[in-house]
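What follows is a set of notes on a single structure, which appears directly below.
What's counted below: heavy atoms across the whole structure, side chains too, no hydrogens, waters or symmetry copies. Keep in mind it's a predicted model, so treat the numbers as computed, not measured.
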There are 2 protein chains.
Amino acid sequence: MAEQVPRVVVSRLPLYYRILCLLEEEKKAVASSQELGARLQFTPAQIRKDLSYFGRFGKQGKGYNVKRLLQELRKILGLDREWGMAVVGVGKLGRALLGYGAFPVQGFRIVAAFDSDPAKVGRKLGNVTVQEITELSSALAGKRIHIGIVAVPPSEAQAVINQLISYGVKAILNYAPVHAQVPNGIQLRDVDPVMALQSMTFYLKNT
Amino acid sequence: MAEQVPRVVVSRLPLYYRILCLLEEEKKAVASSQELGARLQFTPAQIRKDLSYFGRFGKQGKGYNVKRLLQELRKILGLDREWGMAVVGVGKLGRALLGYGAFPVQGFRIVAAFDSDPAKVGRKLGNVTVQEITELSSALAGKRIHIGIVAVPPSEAQAVINQLISYGVKAILNYAPVHAQVPNGIQLRDVDPVMALQSMTFYLKNT
DNA sequence: CCGTGTGAATGAGTTCACAGCC
DNA sequence: GGCTGTGAACTCATTCACACGG
């Protein structure tokens, strides 16, 4: 990983991965940057340049071998393994996430769930039993948990994130509507449908 | 709307709106670009420039009046009114969205729900009764629905989006893991936690 | 001839730095 | 003195355009 890959490029890779999966299902063996771009509404040049950060996967005159490129992308994105996740907060949202099928299918497995509410502790949801949030430390020590999903009320989010990080979690998927601070090197992504809506109404308001 | 506002700028406005709401709750009357930037980890210059696309809201030597700026942002983002939304697909995800409290609190009201499964049609969920998806046309004609939320399986997403648009919906919040195509002028935002995870594992993979 | 990979050119977005006002 | 608003400088990202290989 000598050269620094721009963040925007990384953010597009999962998109490439997704259409390639689709193309594989369609039994397409080869795809050009042209075809990929048409599906994603990107320019072919952008796709070629993005991929060129990681190697030379194409064949001149033909395009990219779908299976090959998929495999490369899996390696690049770290999708050739399972990732253990812990959910903190098993309110309505947390429970929905525990039942969300797309996670396990893509290799993201929720292996622990926590809540501060004693009434919820001990309940079995899906494959996991809800634990008291104070057990975070011991629970994380045992299992290999790489990613924390935060589904607690806004007021608690930063504290929960701090705890997760202090126990070794390196990535946070944050559903709380809070702009959290994380130390350098820790990955953080916000999932916030309200913000998405608010950035659309800007364009809708004269309608 | 003479000058063209960059998309990135618009995407940051909801973030500004959010901390300003917080500051208002904290009874802070005035905030400088410095303070706002510190909370969001943006440079003060960026915040000033972003806001300058819309007017001159600050006072030199003091900063921005929190209440005033909030009001301006509400006007800019179109949050000074209610927005009617329709959910298509009332599986687990769709039902979670129907019960999601943050939408109504922020003025986003789900006023209709649709599904293609006859077993689900007629059920009352929250304030709305699930309708057959073929009734989309008549239902949208009656109520004022501005935004469509798509929570159907990937294979149906594009068709549903096309229908919504053909009946006058101008904005789509898409939960299906599909890169959909929409005509010019239609707003589309994807909510896809799996993609967020996949862009984090890139940075985690040597861990 | 078609399509990749890539330096060079262009375009977009961010930060600087300072004049002007409170 | 402190902080905004903003052109100018700079940095980062996208697109162009072409040499090269299949």
Side-chain angles (χ1 to χ4, degrees), chain A residues 1-16 19-20 23 28-73 76 179 199 202-203, chain B residues 1-16 19-20 23 28-73 76 179 199 202-203:
Chain A
M1 292 298 113
E3 63 210 67
Q4 188 74 319
V5 181
R7 305 193 138 266
V8 264
V9 172
V10 175
S11 74
R12 280 191 294 263
L13 296 181
L15 225 39
Y16 298 164
I19 24 152
L20 284 163
L23 290 171
K28 238 180 164 311
V30 174
S32 66
S33 58
Q34 181 67 238
E35 296 176 81
L36 295 173
R39 295 240 190 174
L40 293 168
Q41 301 170 288
F42 293 156
T43 65
Q46 177 154 82
I47 290 177
R48 292 203 302 275
K49 174 140 287 203
D50 283 357
L51 294 175
S52 78
Y53 281 101
F54 305 97
R56 306 161 61 127
F57 309 126
K59 274 205 177 33
Q60 283 107 326
K62 283 207 85 185
Y64 299 90
N65 177 298
V66 172
K67 275 191 168 22
R68 160 91 195 288
L69 188 50
L70 261 175
Q71 213 153 8
E72 296 287 353
L73 278 174
I76 293 165
H179 183 85
S199 77
F202 171 83
Y203 297 100
Chain B
M1 292 297 112
E3 65 211 68
Q4 188 73 319
V5 181
R7 304 193 137 266
V8 264
V9 172
V10 175
S11 73
R12 280 191 294 264
L13 295 181
L15 224 40
Y16 299 164
I19 21 151
L20 284 163
L23 290 170
K28 238 179 163 309
V30 174
S32 66
S33 59
Q34 181 67 236
E35 296 176 80
L36 295 174
R39 295 240 190 173
L40 293 168
Q41 300 171 287
F42 291 158
T43 66
Q46 177 155 81
I47 290 177
R48 292 203 301 277
K49 173 139 291 198
D50 283 356
L51 294 175
S52 78
Y53 282 101
F54 305 98
R56 307 160 62 125
F57 308 125
K59 271 204 181 31
Q60 283 107 327
K62 284 206 85 185
Y64 299 89
N65 177 298
V66 172
K67 274 192 169 22
R68 159 89 194 289
L69 188 50
L70 261 175
Q71 214 154 5
E72 295 288 353
L73 279 173
I76 293 165
H179 183 85
S199 76
F202 171 83
Y203 297 99

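Taking 4.0 Å as the cutoff to heavy atoms of chain B, we find the contact window on DNA chain C bounded by C:dG13 to C:dC22.
Taking a 4.0 Å limit (strictly below) on heavy-atom distances, residues 29-39 of chain B reaches DNA chain D at B:Ser32, B:Ser33. Using a 4.0 Å cut-off on heavy atoms, the residues of residues 63-70 of chain A that approach DNA chain C are A:Gly63, A:Tyr64, listed by number.
Annotation for B:Leu73 and B:Leu13: closest pair CD2-CD2, 4.0 Å, computed over non-hydrogen atoms.
With a 4.5 Å cut-off on side-chain heavy atoms, B:Ile47 and B:Leu51 count as touching. Here the side chains of B:Tyr53 and B:Ile76 are not in contact, with every heavy-atom distance at 4.5 Å or above. Residues B:Leu70 and B:Leu23 have side chains not in contact (no heavy-atom distance under 4.5 Å, counting atoms from C-beta outward). Residues B:Tyr203 and A:Val10 meet the side-chain proximity criterion, which asks for heavy atoms closer than 4.5 Å. Contact check for B:Leu69 versus B:Tyr16: no side-chain heavy atoms found under the 4.5 Å cut-off. Side-chain contact between B:Phe54 and B:Val9: present, with at least one pair of heavy atoms (C-beta onward) separated by less than 4.5 Å.
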Protein-to-nucleotide contact annotation, 5' to 3' order, nucleotides 13-22 of chain D [B base; S sugar-phosphate only; - none; under 4.0 Å, heavy atom]: SSBBB--BBS
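Rounding to the nearest 0.5 angstrom, the gap separating the CG atom in B:Leu15 from the OG atom in A:Ser199 is 11.0 Å. Annotation: the span from A:Ile19 atom CD1 to A:Glu35 atom CD amounts to 10.0 Å, rounded to 0.5 Å.
Evaluation of the salt bridge (Lys or Arg N to Asp or Glu O under 4.0 Å) test over residues 46-60 of chain B, restricted to residues two or more places apart or in two chains, returns B:Arg12-B:Asp50.
Considering only residues two or more places apart in sequence or on other chains, A:Arg68 meets the side chain to side chain donor-acceptor pair (under 3.5 Å) condition with A:Glu72.
Below 30°, between 30° and 60°, or above 60°: for B:Phe42 and A:His179 the angle between ring planes is between 30° and 60°, a tilted geometry.
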